[in-house]
Amino acid sequence: MNLITSTLSIAILLTILLAMVSFWIPQMSPDTEKLSPYECGFDPLGSARLPFSLRFFLAAILFLLFDLEIALLLPLPWGDQSILPTQTFMWASIILILLTLGLIYEWMQGGLEWAE
């Protein structure tokens, strides 16, 4: 019981100390450069609130989808040493077939066409 009490009291005191220090350390003196929408060294040319094209979002989502494929296929070398390596090959093949079918579907729907 003594260990739990001391651990909780140290955690609470450390949290309060860090919260109080975080209010004193930062300098609250923003200048015009920090308040501008761009901090890259030149004056903004237009509004920073212009909407993006949905094509950029589609490209990002497709990139994430096929990047996920790599993450799902990374354990293949370890799965090859399992009791049933054919089962590992079957699951990897199913993942690749599903992703290929998704790519074909996007291609047929015109989702990969950048210019119309």
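Predicted, not measured: the structure shown is a model, and the values here were computed from it.
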Side-chain donor-acceptor distances from residues 88-100 under 3.5 Å, at least two apart:
| from | atom 1 | to | atom 2 | distance (Å) |
| --- | --- | --- | --- | --- |
| Thr88 | OG1 | Gly79 | O | 2.9 |
| Ser93 | OG | Phe89 | O | 2.8 |
| Thr100 | OG1 | Leu96 | O | 2.7 |

[atom1] of [X] to [atom2] of [Y]: how many Å apart, nearest 0.5 Å?
X	Y	atom1	atom2	answer
Thr15	Ile10	OG1	CD1	11.5 Å
Ser9	Ile4	OG	CD1	12.0 Å
Thr7	Ile12	OG1	CD1	11.0 Å

